[in-house]
There are 2 protein chains.
Amino acid sequence: MASTAQDSSGRVISVANEDASNPDNTSAADKVAETIIRGIRAGTFVPGQHLVEPDLTRRLGISRGSLREALKHLAAAGIVTLNRFRGAYIATLDRKTVLDLLQTLEPLCRLAARLAAEKCDTPQKADALLAAAAAVEDASRQRNRAAYLEDRRHFYSVLVEIGQNHELGRVIPLPRTDLFRAQIETIQTERQRQTHASGYGKIARAVVDKDPAAADRAVQKHFAGTRKTVGELPENAFPALV
Amino acid sequence: MASTAQDSSGRVISVANEDASNPDNTSAADKVAETIIRGIRAGTFVPGQHLVEPDLTRRLGISRGSLREALKHLAAAGIVTLNRFRGAYIATLDRKTVLDLLQTLEPLCRLAARLAAEKCDTPQKADALLAAAAAVEDASRQRNRAAYLEDRRHFYSVLVEIGQNHELGRVIPLPRTDLFRAQIETIQTERQRQTHASGYGKIARAVVDKDPAAADRAVQKHFAGTRKTVGELPENAFPALV
DNA sequence: GTTCTAAAAGCGTCCGACGATTTCGTCTAG
DNA sequence: CTAGACGAAATCGTCGGACGCTTTTAGAAC
């Protein structure tokens with residue numbers, strides 16, 4: 001699958017197929033960044049993997065300059081780490097980093113849930129959120145890892161969107177949590193997975209009930225569960241960082 | 001292999017939102033980004049200003065590729081906005097965006113203050129934080145805008161560093177708040193300025209008293225004051241965004 | 001097997017080029 | 001005199017190549 005497109009005459013084979021919200025957000029570098037993030041969710045890129053520039057330029061059919069722009073972007077988001085003269089690597093998160101990340105993410109998600117609960121004033125929004133939560137739980141039940149990570153991301157997007165605070169969407173480090181999720185997805189127990197997945201439905205229900213306090217508590221509990229899971233994970237879930 | 005000597009020299013912290021582990025972090029693009037951020041604090045770059053690539057490459061003495069890497073980086077941080085085929089502009093924040101930004105920043109800063117209050121266990125840390133707060137208040141009193149913005153940034157860096165949660169430092173959108181501060185610095189009243197500046201000392205004192213709850217409240221009050229100031233600002237403080 | 005050295009690979013930066021798009025000045029029509 | 005169309009200039013997005021520097025690797029010497 002995904003055979004490399006031929007560039008017989010040096011023509012670009014790239015056609016925009018991402019979010020068409022704004023016509024000014026479609027550059028080659030963004031496309032590459034999106035491809036890598038998607039690859040992490042799908043498992044084709046694993047934490048610690050070395051990203052070799054000449055290799056990627058060939059596989060993605062872009063120039064080195066655009067690729068380096070993308071890597072810079074990803075490094076700023078904490079998805080890859082750049083070592084001078086040694087290249088780019090998919091970032092690996094050790095246990096403390098994950099706990100720090102959760103600690104940082106929690107107040108942001110609580111805020112997002114509170115805002116969403118205050119602003120969830122149309123059936124469309126409520127339905128979208130409930131559907132997003134259901135999709136996450138579904139993907140988790142089916143152990144479809146790529147779909148789960150994708151749907152989970154979508155759930156948070158909808159949550160933030162309903163809250164109508166665009167700065168939140170900019171700040172919440174979702175791609176980095178994708179990295180963490182990708183690391184532990186294959187290791188956590190079935191019960192941990194189910195417990196975690198059920199949290200999204202609870203958050204969604206509290207939001208559509210327009211109960212900010214309950215939504216806040218639901219997120220808090222959700223994170224407490226995740227923290228517990230991280231504490232129970234064996235040490236080999238966290239690769240020795242380069 | 002000889003084990004690397006652990007660096008326990010207790011140096012002052014200089015991390016903002018960048019990767020700090022790399023010893024020689026001086027790439028041309030990073031240098032440019034730093035120059036632009038500093039220029040915003042100093043006032044040589046004003047919100048809304050058009051950044052023309054050929055002009056900047058000449059003035060900064062770097063190639064266009066490196067400049068574009070830097071602009072990409074800054075765009076990811078929300079400091080410049082990139083309009084396809086229309087160039088890069090220093091971002092402008094309208095009132096709602098500023099309020100959203102404050103709302104997002106507040107729980108992060110409260111967390112940072114709580115963590116710092118829990119972990120402020122050496123006189124060095126306490127002194128560094130108090131000194132940073134004093135510097136901010138000093139610069140504000142002297143109406144030295146560049147120094148004030150610089151010191152304010154340093155204060156938050158120290159606060160985050162004491163808390164020992166590196167993810168916080170990565171997530172807190174300080175450069176973007178610099179932008180906001182740069183916008184209102186010349187407009188707010190003297191009393192607003194003084195009230196705001198005094199907040200840093202209060203936060204610092206609560207932290208060195210190792211009282212997380214008090215530190216949390218101090219940050220909360222600080223943000224309430226800032227929010228009030230933003231509400232009182234005239235409409236012309238927020239340039240019509242391009 | 002260990003150590004040293006030289007080649008190879010890979011990264012950081014720069015330059016020049018071409019097509020695409022926007023912007024702005026100019027010119028014509030009403 | 002103003003409004004709209006046209007075209008040239010300016011600027012951006014992307015590409016390919018080039019050179020110097022650092023790290024890694026592979027082979028030779030011991």
Side-chain angles (χ1 to χ4, degrees), chain A residues 4-18 20 22-36 45 48-76 80-91 241-242, chain B residues 1-2 4 18-19 21-36 45 48-76 80-91 241-242:
Chain A
T4 40
Q6 295 182 358
D7 58 340
S8 52
S9 60
R11 280 308 90 193
V12 185
I13 14 94
S14 67
V15 174
N17 65 340
E18 40 183 70
N22 260 340
D24 60 342
N25 198 7
T26 313
S27 80
D30 292 335
K31 199 165 66 77
V32 174
E34 189 58 33
T35 299
I36 292 180
F45 290 113
Q49 179 173 345
H50 185 191
L51 301 176
V52 182
E53 290 185 4
D55 177 34
L56 280 183
T57 56
R58 271 193 304 274
R59 280 208 305 204
L60 301 176
I62 58 162
S63 74
R64 224 181 112 206
S66 299
L67 173 64
R68 284 178 56 77
E69 276 190 21
L71 291 179
K72 201 82 180 175
H73 183 99
L74 292 173
V80 309
T81 60
L82 294 178
N83 300 51
R84 194 173 165 84
F85 293 113
R86 273 195 297 173
Y89 295 79
I90 305 287
L241 78 107
V242 285
Chain B
M1 308 295 183
T4 51
E18 292 286 327
D19 42 336
S21 52
N22 218 327
D24 49 356
N25 189 12
T26 36
S27 86
D30 291 335
K31 213 154 60 75
V32 174
E34 190 58 34
T35 299
I36 292 181
F45 290 113
Q49 179 174 346
H50 186 191
L51 301 177
V52 182
E53 291 186 1
D55 176 35
L56 280 184
T57 55
R58 273 194 303 272
R59 279 207 305 202
L60 301 176
I62 59 161
S63 75
R64 220 179 118 211
S66 299
L67 173 63
R68 282 178 56 78
E69 276 190 19
L71 290 179
K72 201 82 182 175
H73 185 113
L74 292 173
V80 308
T81 60
L82 293 178
N83 300 44
R84 195 172 165 85
F85 295 112
R86 273 194 301 174
Y89 295 79
I90 306 286
L241 76 106
V242 287

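Letters go in sequence order (proteins before strands), and every chain restarts at 1.
L71(B) has its CG atom 13 Å from the C1' atom of dG13(D), to the nearest Å. Atom pair L56(B):CG and dC12(D):P shows a separation of 9 Å (rounding to whole Å applied). The CG atom of L67(A) sits 15 Å away from the C1' atom of dG16(D) (whole-angstrom rounding). In this structure, CD1 of I62(B) is placed 13 Å from C1' of dC15(C), rounded to the nearest angstrom. Computed from coordinates, the L82(B) CG to dT14(D) C1' distance equals 15 Å when rounded to whole Å.
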Polar-atom pairs under 3.5 Å, protein N or O versus N or O of nucleotides 8-11 of chain C: list them with distances, or write none.
unit_1  : atom_1 : unit_2 : atom_2 : d
dC11(C) : OP2    : E53(A) : N      : 3.3
dC11(C) : O3'    : F85(A) : N      : 3.4

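Every residue meeting the side chain to side chain donor-acceptor pair (under 3.5 Å) condition with E53(A), not counting sequence neighbours, appears here in chain and number order: R64(A), R68(A).
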Report the C-alpha distance between Y89(A) and L82(A) in whole Å, list the side-chain angles of each, state the deciding distance to 0.1 Å, and finish with yes or no for side-chain contact (heavy atoms from CB on, under 4.5 Å).
CA-CA 7 Å; Y89(A) 295 79; L82(A) 294 178; over 6 Å; no
Derivation of the side-chain contact (heavy atoms from CB on, under 4.5 Å) call for V52(B) and H50(B)
CA-CA 6 Å; V52(B) 182; H50(B) 186 191; 3.9 Å; yes
Dump the intermediate steps for salt bridge (Lys or Arg N to Asp or Glu O under 4.0 Å) on K72(B) and D30(A), then the final yes or no.
CA-CA 10 Å; K72(B) 201 82 182 175; D30(A) 292 335; 3.4 Å; yes
For the pair T57(B) and D55(B), evaluate side-chain contact (heavy atoms from CB on, under 4.5 Å) and give the outcome as yes or no after the intermediate values.
CA-CA 6 Å; T57(B) 55; D55(B) 176 35; over 6 Å; no
Derivation and outcome, side-chain contact (heavy atoms from CB on, under 4.5 Å), residues I62(A) and L56(A):
CA-CA 8 Å; I62(A) 58 162; L56(A) 280 183; over 6 Å; no
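Distances shown here put every side-chain N or O of S66(B) at or beyond 4.0 Å from the OP1 or OP2 atom of dG12(C).
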